[in-house]
Amino acid sequence: LREHEEFTKVKNIATIELGRYEIETWYFSPFPPEYNDSLNLYFCEFCLNFMKRKEQLQRHMKKCDLKHPPGDEIYRSGTLSMFEVDGKKNKVYGQNLCYLAKLFLDHKTLYYDVDLFLFYVLCECDDRGCHMVGYFSKVIYLPFAEKHSEESYNLACILTLPPYQRKGYGKFLIAFSYELSKKEGKVGTPERPLSDLGLLSYRGYWTRVLLDILKKHKGNISIKELSDMTAIKAEDILATLQALELIQYRKGQHVICADPKVLDRHLKAAGRGGLEVDVSKLIWTPYK
Ligand code: ACO
Ligand code: ZN
């Protein structure tokens, strides 16, 4: 059995075509067996149905009437739009998105049970339609685990498609997940484990957000206050500030010591801020 498992985990699909991009894949993804013999897959960039041959895709594009992800547009600013797709209402789309995402996600188990997820799909829109840039998923509820939803993971999986990476979209998606948490009145944290790139992106985001606040804020501020302002979980704030050596331990308590010179040094070293989420353009109420 083990051997079989190892064998099937070998990367299967080498490249995919999606919209105007041909993309080399990174990891194995468990497509249905009838796709086992294909090296290339052709995706409809709107409904995410996938096909083995280019002609099939061309035929499909003539009759597919989607021009954006199937769901509610909850954010639009300039050419950027975010769509909320309910996995329960759009099972096939959700499954297709998971197959696609797994090609770039190493250790994540693929959830076939897309019923439990909301997918937030970020698009760049033009007159041909809304082209997917990346997405994150979020669990709607965990059965039997009231406590968990209080603790509240605010993100399950995050992906920026390779042609769009390193342009600030990842930090945009992360920022968006925290804006949703703020609207829910909860703090949030991503599901673990994080990939290397996921960790880098989160660290970058946390660092930038916290430094900006500390820089502006006069006087003392506690981790709890920072958490209330940002919806970032206290543990993640503590770990970030510890890594920046901005925490001292006094009389059994963690105290933030934000020396202005140290802050400036860190701010210079911190990466670009990423694309901003304009909260006034977010029209959303928590899932009921
Ligand atoms: N090399 C070094 N640093 C990197 C790299 C890289 N290739 N990619 C991102 N980073 C770091 C940088 O610090 C970067 O900030 P900077 O450009 O200001 O220096 C920061 O991460 C984020 O950059 P963004 O442009 O905002 O992020 P991007 O759009 O590239 O998306 C993401 C980041 C989503 C992690 C992307 O790399 C990806 O999809 N990877 C594959 C899937 C994955 O690993 N997802 C996370 C799994 S964990 C989870 O899902 C809970
Ligand atoms: Zn289609």
Side-chain angles (χ1 to χ4, degrees), residues 17-19 23-29 41-51 56-70 80 90 92-93 95-98 100-111 117 119-124 128-139 153-178 188-209 211 233 236 240 243 266-277:
E17 209 177 281
L18 180 75
I23 307 171
E24 268 182 52
T25 67
W26 297 2
Y27 303 109
F28 167 84
S29 179
L41 284 183
Y42 300 85
F43 279 81
C44 169
E45 62 168 329
F46 302 118
C47 69
L48 300 184
N49 280 339
F50 44 87
M51 284 140 261
Q56 287 174 297
L57 178 66
Q58 286 164 341
R59 241 178 291 135
H60 172 90
M61 295 317 288
K62 286 199 188 111
K63 53 174 212 254
C64 183
D65 45 21
L66 274 184
K67 286 284 175 270
H68 56 74
L80 268 193
N90 296 284
V92 175
Y93 182 88
Q95 270 158 2
N96 291 347
L97 182 55
C98 287
L100 171 65
K102 179 65 194 70
L103 292 167
F104 307 99
L105 282 156
D106 190 6
H107 43 251
K108 282 278 165 180
T109 28
L110 194 75
Y111 299 102
F117 289 89
F119 300 93
Y120 293 91
V121 185
L122 181 64
C123 297
E124 277 282 1
R128 292 177 302 120
C130 294
H131 313 284
M132 176 180 162
V133 163
Y135 86 102
F136 68 88
S137 58
K138 176 172 175 163
V139 176
Y153 291 117
N154 64 351
L155 181 144
C157 276
I158 179 171
L159 169 74
T160 303
L161 289 167
Y164 295 97
Q165 286 177 6
R166 281 322 284 275
K167 297 179 199 294
Y169 291 113
K171 278 187 227 160
F172 179 96
L173 290 166
I174 293 172
F176 203 95
S177 72
Y178 284 107
T189 191
E191 280 183 28
R192 305 303 199 273
L194 297 173
S195 66
D196 295 353
L197 290 173
L199 184 61
L200 277 172
S201 304
Y202 265 97
R203 268 207 200 122
Y205 173 78
W206 291 329
T207 299
R208 162 66 59 179
V209 167
L211 287 177
K233 200 178 172 185
D236 297 332
T240 306
H266 284 315
L267 269 167
K268 267 199 202 118
R272 297 160 296 158
L275 294 162
E276 293 284 325
V277 178

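Both ligands and their constituent atoms are indexed starting at 1 by order of listing. Computed from a predicted model, the values in this text were never measured in an experiment. Note that the numbering runs from 1 along the sequence shown for the chain.
- Here the shortest heavy-atom pairing between L211 and A270 reads CD1-CB, 4.4 Å.
- Side chains of C47 and H60 form a contact here, defined as non-hydrogen atoms less than 4.5 Å apart.
- The closest approach between a heavy atom of W26 and any atom of ligand 1 is below 4.0 Å.
- Taking every heavy atom of G198 and a limit of under 4.0 angstrom, the matching atoms of ligand 1 come to 35 (C), 46 (C).
- For the pair L80 and E124, the minimum side-chain heavy-atom distance is below 4.5 Å.
- Taking all heavy atoms of K167, R203, K171, Q165 into account, the minimum distance to atom 18 (O) of ligand 1 is reached by K171.
- Within a 6.0 Å sphere centred on CD of E276, other residues, nucleotides and ligands contribute 12 heavy atoms or fewer.
- For R192, no heavy-atom contact with ligand 1 is shorter than 4.0 Å.
- Counting heavy atoms only, L197 comes closest to atom 35 (C) of ligand 1 of the residues L197, T160, L159.
- Counting only non-hydrogen atoms, the option in F104, F136, Y135 that gets closest to atom 42 (C) of ligand 1 is F104.
- Using a 30° and 60° split on the angle between ring planes, W26 and F104 fall in the perpendicular class, above 60°.
- Of the candidates A156, G170, A175, the one placing a heavy atom closest to atom 49 (C) of ligand 1 is A156.
- With atom 3 (N) of ligand 1 as the reference point, the heavy atom nearest to it among I174, L200, L194 is part of L200.
- For ligand 1, the atoms sitting less than 4.0 Å from at least one non-hydrogen atom of C157 are 50 (O), numbered in the order shown with element in parentheses.
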Going through the distances and angles, do R203 and D196 end up as a salt bridge (charged side-chain N to carboxylate O under 4.0 Å, His left out)? CA-CA 11 Å; R203 268 207 200 122; D196 295 353; over 6 Å; no
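- Ring pair Y205/Y178 is parallel by interplanar angle, where below 30° counts as parallel and above 60° as perpendicular.
- Between I158 and ligand 1, an N or O atom pair is found at a separation short of 3.5 Å.
- Proximity of a side-chain donor or acceptor of R192 to a complementary backbone N or O of P190 within less than 3.5 Å is detected.
- The Zn ion (ligand 2) forms the vertex of an angle spanning SG of C44 and SG of C47; to the nearest 10 degrees it equals 110°.
- The N/O atoms of E191, backbone and side chain alike, include none that comes under 3.5 Å of an N/O atom in ligand 1.
- Proximity of Y205 to ligand 1, defined as any heavy-atom pair under 4.0 Å, is not found for any part of the residue.
- The shell of residues lying under 4.0 angstrom from ligand 1, judged by heavy atoms, includes G168.
- For the pair C123 and V133, the minimum side-chain heavy-atom distance is 4.5 Å or more.
- In L105, the part holding a heavy atom less than 4.0 Å from any atom of ligand 1 is the side chain.
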Using the ring-ring contact (aromatic ring centres under 6.0 Å, His included) rule, take Y135 and Y120 through it: C-alpha gap first, then chi angles, then the decisive distance, then the call. CA-CA 5 Å; Y135 86 102; Y120 293 91; 9.8 Å; no
